[in-house]
Amino acid sequence: MKPTYDPHAVEADWYRRWEDAGVFRPEINPDGEPYCMVIPPPNVTGSLHMGHALNHAFYDMIVRRKRMQGFAAVWVPGTDHAGIATQNVVEKQLAIEGLTRYDLGRERFIEQVWEWKRQYGNRISEQMRKLGDSCDWTRERFTMDDGLSAAVREVFVRLYAEDLVYRGNRIINWCPRCETALAEIEVEYEDDPGELVHITYPFTDGPGGVTVATTRAETMLGDTGVAVHPDDDRYAAHIGRTVRLPLVGRDIPIVADDAVDPEFGTGAVKVTPAHDPTDFEIGERHGLEPVVIFDRQAVVTAAGGRFEGMDRFSARAAVKEALAADGVLGDVEERTHAVGHCYRCSTVIEPLLSLQWFVRVGPLAEPAIEAVRAGDSRFVPQRWENSYFHWMENLRDWCISRQIWWGHRIPAWYCPDGHVTVARQDPSACGDCGSTGITQDEDVLDTWFSSALWPFSTLGWPDTTADLDRFYPNAVLITGFDIIYFWVARMMKMGLHFLDEVPFPDIVIHGLVRDAEGRKMSKSIGNALDPLDVIAEHGADALRLALLQAASPGQDVPLDMEWIVAARKFGNKLWNGIRFALGNLDGRAPAAGEYPDVAHPVNRWVLARLAEVVERYDRLCDEYRFSDALGLLYQFTWSEVFDWYVEMAKPLLGDEATRAETQSTLGAVLRDVLALFHPAMPFITEELWESLVGEGFVATADWPTPPDVSSPDHVATFMDLVTAIRRFRSGHGLSPKESFEVEVLDPEGVIEPWWAEQLDALASAKLAPIGEARGAGYTRLVAGPVQGFISLEGLIDIEAEVARIQKAISGIDGDLAKADRKLANPAYREKAPAEVVAKEEAKAADLRARRDKLTAQLAELGS
RNA sequence: GGGGAUGUAGCUCAGUUGGGAGAGCGCUGCCCUUACAAGGCAGAGGUCGUCGGUUCGAGCCCGGCCGUCCCCACCA
């Protein structure tokens, strides 16, 4: 074995070996309880980023542990066709050749996208292999494959039959660049600078007029009314009158509507039903006709008269200019306001009246809310439930049609008479009138429509498959809070509606990966760490461990290269710890699950600690507290196993009487450490397992369940003495090589023969038993059950010793004062539990005794 | 305008039934002790944002204030 851990060498080959052996298939534990997780499907165009790395680290931590625990555990991988995103990528590629998708036509364009998918679509799965993600690739799915497309169609048809899917003319969010409708949630609002423009609309039946305020002057071309609040005294007299729309010349009525806020602007609102959701509703209530003035690229149409052909921003300037020329333009004040942007391309959204398909979400949301209230699904951390409830209770219907080509085409056909046929199989004639002149809806479904079915469509639904039967509901879903609404809520709705069961009982929410300064990692800031670069430099194990340790439940994850370097150093530590063991074991470590019967206190101590650690580690993992779990294991491994146990094992290995049991103990402990770390650091642990255990994969080894060994309590006393001696040495600048004689008083008979050998090895100190406490000329090291004294003869630095003791005294004074104050309080004695009081009394007595001894010592030192 | 999170060591963060303040990194000193200098040993460093309340006892529970961040909402 090489003396330095090299992640590249270690990570090169294991993935293939695991996959070849079928380790990642649930069939490897044929009798195990099912435990299924489905991956949040990455976009097929995607490349692995830190968010994936974090999410996958959680998933893999869970699935690898469950597999070792004997579950028929499976992590189902797959990718999402990502409608708009993928279409954009391919369109950009075409643009290089000077082509648009219209040049190719629908059929050839889609074929082009499939071609792209064939060529680049498995990039991300290759990257996942580098991360070590233990997915069952034999079950890999794609949201546009035949099975999932069938599921999509089945759901659409059934929802339509139940009147939960409908087609309607509504104001939707339109992206003029993508040329498609978007759902509410796909719009990102930002506070952008803008201006509030005042325009006066003159009365048609007399002098004067009404002044309205707007941030979108150009939409006045589509105004068909002016609205005021019914209780607004300023306008009460004008309700029912008409004004003449400047530039256009249309006569439009003044109506009264509750939706108007009298406090805002002038209290009078121009109403543009075709281009504003609120205005649309006002228009419906008052019979104001919508006038559409923008086309699909947000260019003014013929309805805009002389402004036809201008895009909306040019039109805004031109309209203002024209209004000013007409003398009806009033104050223009600067004002920031929330402007919607497309979440895919950031283009400013245009609210537009158009005919779209919608999901009626109210009836679907109810059971999904109830399921979380009833605890059928729980969020971890729980506080996300509030957001979930708030969201679900305020849903608007979900616009699911998209005017793009890449996606599941809506299975609806129209005949010349306006009948709609929705069918599982492509029909050849209208379902109502039998007309054969039918045409299919041009639109495709929102990508999230298919994502919502993912927990069961991947398992074969609507067919009744063995996998569906076994693996639905899934065990747990892990995701970032940013897609709770996009995805989690919708899976809940669809899962409950079509399978009558929540898709997963546990929903674990994690944060975003941020840089060392706490900024969101993004390509534009240039602060994004590329997981593949990190893996290339430090290995996937280091990346995974760093992410898992840094990720407190539900919190954002600040990630600095230093964390990764530290994690890699831990890998090196592990590597060398095993190297030591291999040099000292005669054969291999005991097989998984085997523990030696041990007699020596040091060996018993480490096994007892191991048992405690495993128990706590398991509990933390079951609560999805991986950061705490790994922190615990890391601490145990480095500080206790390596820093203490391995050092204490050295003399034991050299002694014929203790050699064999110490070899077994060391082997068993390190073997279990490897197993416990495996879900977090799969590669290095597998490599080391091969050397140390030499049998099977750690990936399929039994999860450690160490025996309940009673812990010898005087090992801790011994460790205290060692530390005290080292501290004394360090405080006096004494060489580590210079041997000490430590005189020990042992009234309780705690000291055993092994102390002498160990003390020599760990602290270069010799034990000299004494009958009574030393006084003048000595200094006291420890004052527990065992007291240790060192002769000050020949000790140069008396001053340092005085300082050391004084510091110790002042430290004790603080604690003692606090304890005394507490004990002097009658209310405390009365109300605090007896054991707490007793503990406090013992503490005070101990502090007092130590203080007295130190004071006496100080006197003896002549100060 | 609602809702949520957060404020603990120089930095990033733990601290879950309220009962003697922790980790990692950084920093200081000593040490190349044959598993590991990507290491070992020892150490310094905190009025737990602030004010008040509950309690025998508060980093933890309650309220006010200050700071930072996020989400939601039809401010035209």
Side-chain angles (χ1 to χ4, degrees), chain A residues 1 3-5 171 189 196 212-216 219 227 259-261 263-266 268-272 276-282 335 337-338 351 381 383-384 386-387 390-391 394 396 481-482 484-485 511-512 514 516-518 546 549-550 552 554-560 562-563 565-584 623 625 627-628 631-632 634-635 639 642-643 646-647 650 722-723 726-731 733-737 761-764 815 818-819 822 825-833 835-837 839-840 843 847:
Chain A
M1 241 175 108
T4 302
Y5 158 54
I171 293 271
Y189 289 91
L196 192 64
V212 297
T214 181
T215 53
R216 300 207 51 199
T219 61
V260 178
D261 175 6
E263 302 295 315
F264 187 90
T266 61
V269 187
K270 58 189 274 308
V271 181
T272 320
D276 182 278
T278 309
D279 290 5
F280 179 74
E281 288 169 15
I282 295 175
R335 168 185 286 266
H337 59 126
R383 65 184 147 85
W384 287 107
N386 289 333
S387 304
H390 183 261
W391 172 257
N394 293 285
R396 298 173 152 225
F481 58 81
D482 48 334
I484 291 179
Y485 307 143
L512 265 40
R514 295 178 178 277
E517 273 86 52
Q549 280 198 281
S552 293
Q555 298 294 108
D556 283 348
V557 184
L559 188 67
D560 192 299
E562 284 178 12
W563 302 118
V565 171
R568 178 183 174 166
K569 286 181 184 178
F570 178 76
N572 191 55
K573 187 73 181 175
L574 208 50
W575 183 267
N576 280 292
I578 301 296
R579 232 157 55 88
F580 168 80
L582 291 173
N584 285 279
E623 291 168 4
R625 293 169 55 181
S627 170
D628 292 336
L632 169 78
Y634 183 100
Q635 203 68 24
S639 306
F642 291 142
D643 288 347
V646 166
E647 294 307 319
K650 284 176 183 174
V722 170
T723 302
R726 288 168 171 173
R727 187 183 303 133
F728 180 83
R729 196 191 294 281
S730 176
L734 301 175
S735 160
K737 284 175 182 158
L762 299 182
S764 298
D815 291 345
K818 230 156 78 180
K822 238 186 219 183
N825 183 346
Y828 173 74
R829 290 185 169 283
E830 195 181 321
K831 296 191 175 175
E835 58 186 49
V836 171
V837 176
K839 206 172 140 196
E840 195 67 20
K843 174 180 142 193
L847 288 170

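All heavy atoms count here, side chains included; hydrogens, waters and symmetry mates do not. Residue numbers begin at 1 in each chain, while the letters A, B, ... track the order of the sequences.
Pairing of A38(B), defined by two Watson-Crick or G-U wobble distances under 3.5 Å, is not identified with any nucleotide. Across all strands shown, the partner of G1(B) is C72(B), judged by Watson-Crick or G-U wobble contacts whose two distances both fall under 3.5 Å. Under the Watson-Crick or G-U wobble criterion, with both distances below 3.5 Å, C25(B) is paired with G10(B). Remark: C32(B) base-pairs with no nucleotide; criterion is Watson-Crick or G-U wobble with both hydrogen-bond distances under 3.5 Å. The pairing partner recorded for U47(B) is none, the criterion being a Watson-Crick or G-U wobble arrangement whose two distances lie under 3.5 angstrom.
Closest of all the heavy-atom pairs between Thr272(A) and Lys270(A) is OG1-NZ, 3.0 Å. Annotation for Pro558(A) and Ala550(A): closest pair O-CB, 4.0 Å, computed over non-hydrogen atoms. Residues Ile171(A) and Pro351(A) come closest through the heavy atom pair CG2-CB, 4.0 Å.
Listed pair Lys843(A) / G19(B) fails the phosphate criterion, with no side-chain N or O lying under 4.0 Å from OP1 or OP2. OP1 or OP2 of C74(B) sits under 4.0 Å from a side-chain N or O of Arg396(A). Here Thr214(A) does not reach the OP1 or OP2 of A76(B): none of its side-chain N or O atoms lies under 4.0 Å away. Here Lys573(A) reaches the OP1 or OP2 of G40(B): one of its side-chain N or O atoms lies under 4.0 Å away. Between Gln555(A) and the phosphate of U12(B), there is no side-chain N or O to OP1/OP2 separation shorter than 4.0 Å. A sub-4.0 Å separation between OP1 or OP2 of G43(B) and a side-chain N or O of Arg727(A) is present.
Residue contacts shown for Gly265(A) are absent, as no nucleic acid heavy atom lies under 4.0 Å away. Within 4.0 Å of Pro277(A), counting heavy atoms only, lies no atom of the nucleic acid at all. Residue Val260(A) is in base contact, counting any heavy-atom pair closer than 4.0 Å across all strands shown. Heavy atoms of Glu562(A) sit under 4.0 angstrom from primed sugar atoms or phosphate atoms, though from no base atom. The residue Tyr189(A) sits apart from the nucleic acid: no heavy atom pair falls under 4.0 Å. Among the heavy atoms of the strands lying under 4.0 Å from Trp563(A) is at least one base atom, whether or not backbone atoms are also near. Using a 4.0 Å heavy-atom cutoff across all strands shown, Pro826(A) reaches no nucleic acid atom at all. Residue contacts for Thr723(A): at a heavy-atom cut-off of 4.0 Å it reaches the sugar-phosphate backbone alone, with no base atom in range. Residue Thr215(A) is classed as a sugar-phosphate contact, given heavy-atom separations below 4.0 Å to backbone atoms only. Heavy atoms of Asp261(A) sit under 4.0 angstrom from at least one base atom. At the heavy-atom level, Val212(A) lies nowhere under 4.0 Å from the strands shown. The residue Asp643(A) sits close only to the backbone: its heavy atoms come under 4.0 Å of sugar-phosphate atoms, none of a base.
In this structure, the CZ atom of Arg216(A) is 15 Å from the C1' atom of C75(B), given to the nearest Å. The interatomic distance linking Lys818(A) (NZ) with U47(B) (P) rounds to 13 Å, in whole Å. Distance, Trp384(A) CH2 to G3(B) P: 16 Å, rounded to whole Å. Remark: P of C71(B) and CG of Asn386(A) are 17 Å apart, rounded to the nearest angstrom. Taking atom NZ of Lys569(A) as the reference point, atom C1' of C25(B) lies 9 Å away to the nearest angstrom. Atoms CG (Leu762(A)) and P (C31(B)) sit 20 Å apart, rounded to a whole Å. With rounding to whole Å, Arg514(A) atom CZ is found 12 Å from A5(B) atom C1'. Rounded to whole Å, the distance from CD on Gln549(A) to C1' on U12(B) is 13 Å.
Checking Asn576(A) against Arg579(A) by side-chain atom types alone, a donor-acceptor pair falls below 3.5 Å.
Straight-line distance between the P atoms of G1(B) and C65(B): roughly 13 Å, to the nearest whole Å. Spacing of P atoms, C62(B) relative to U6(B), comes out at 12 Å, to the nearest Å. Comparing the P positions of G63(B) and G3(B) gives a spacing of 13 Å, expressed to the nearest Å. A distance of about 13 Å separates the P atoms of G59(B) and U47(B), rounded to the whole Å. For C32(B) and A38(B), the C1' atoms lie 14 Å apart once the distance is rounded to whole Å. As rounded to the nearest Å, G57(B) and G19(B) have P atoms that lie 15 Å from one another. Taking the P atom of each, G52(B) and A58(B) are spaced 14 Å apart, rounded to whole Å. Between G46(B) and G15(B), the distance separating the two C1' atoms is 14 Å to the nearest Å.
Between the side chain of Arg568(A) and the backbone N or O of Trp563(A), no donor-acceptor pair lies under 3.5 Å.
The side chain of Phe264(A) lies closest to A76(B), out of C41(B), A76(B), C36(B). When the nucleotides A42(B), A21(B), A35(B) are ranked by their closest atom to the side chain of Ser730(A), A42(B) comes out on top. When distances run from any side-chain atom of Tyr485(A) to the nucleotides C71(B), C41(B), A14(B), the shortest one goes to C71(B). Closest to the Arg383(A) side chain, of the nucleotides C74(B), A35(B), A5(B), is A5(B). Distance from the side chain of Phe642(A) is smallest to A35(B) among A35(B), A42(B), A38(B).
With rounding to the nearest 0.5 angstrom, the CH2 atom of Trp384(A) is 5.0 Å from the CD1 atom of Ile484(A).
Between the side chain of Gln635(A) and the base of A14(B), no donor-acceptor pair under 3.5 Å is found. Taking 3.5 Å as the limit, the base of A38(B) and the side chain of Arg568(A) contain a donor-acceptor pair of atoms between them.
The local environment of NZ in Lys818(A) is sparse, with at most 12 non-hydrogen atoms from other residues, nucleotides or ligands closer than 6.0 Å.
Along RNA chain B, the nucleotide closest to Glu623(A) and the one closest to Lys737(A) are compared, and the more 5′ of them pairs with Glu623(A). Positionally, the nearest nucleotide of RNA chain B for Pro558(A) lies more toward the 5' end than for the other of Phe481(A) and Pro558(A).
The aromatic rings of Tyr5(A) and Trp575(A) are tilted relative to each other, their planes meeting at an angle between 30° and 60°.
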Between Tyr485(A) and Ser387(A), is a side-chain contact (heavy atoms from CB on, under 4.5 Å) present by the stated rule, with each step listed? CA-CA 9 Å; Tyr485(A) 307 143; Ser387(A) 304; 3.3 Å; yes
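Ser764(A) places none of its side-chain heavy atoms less than 4.5 Å from the side chain of Arg726(A).
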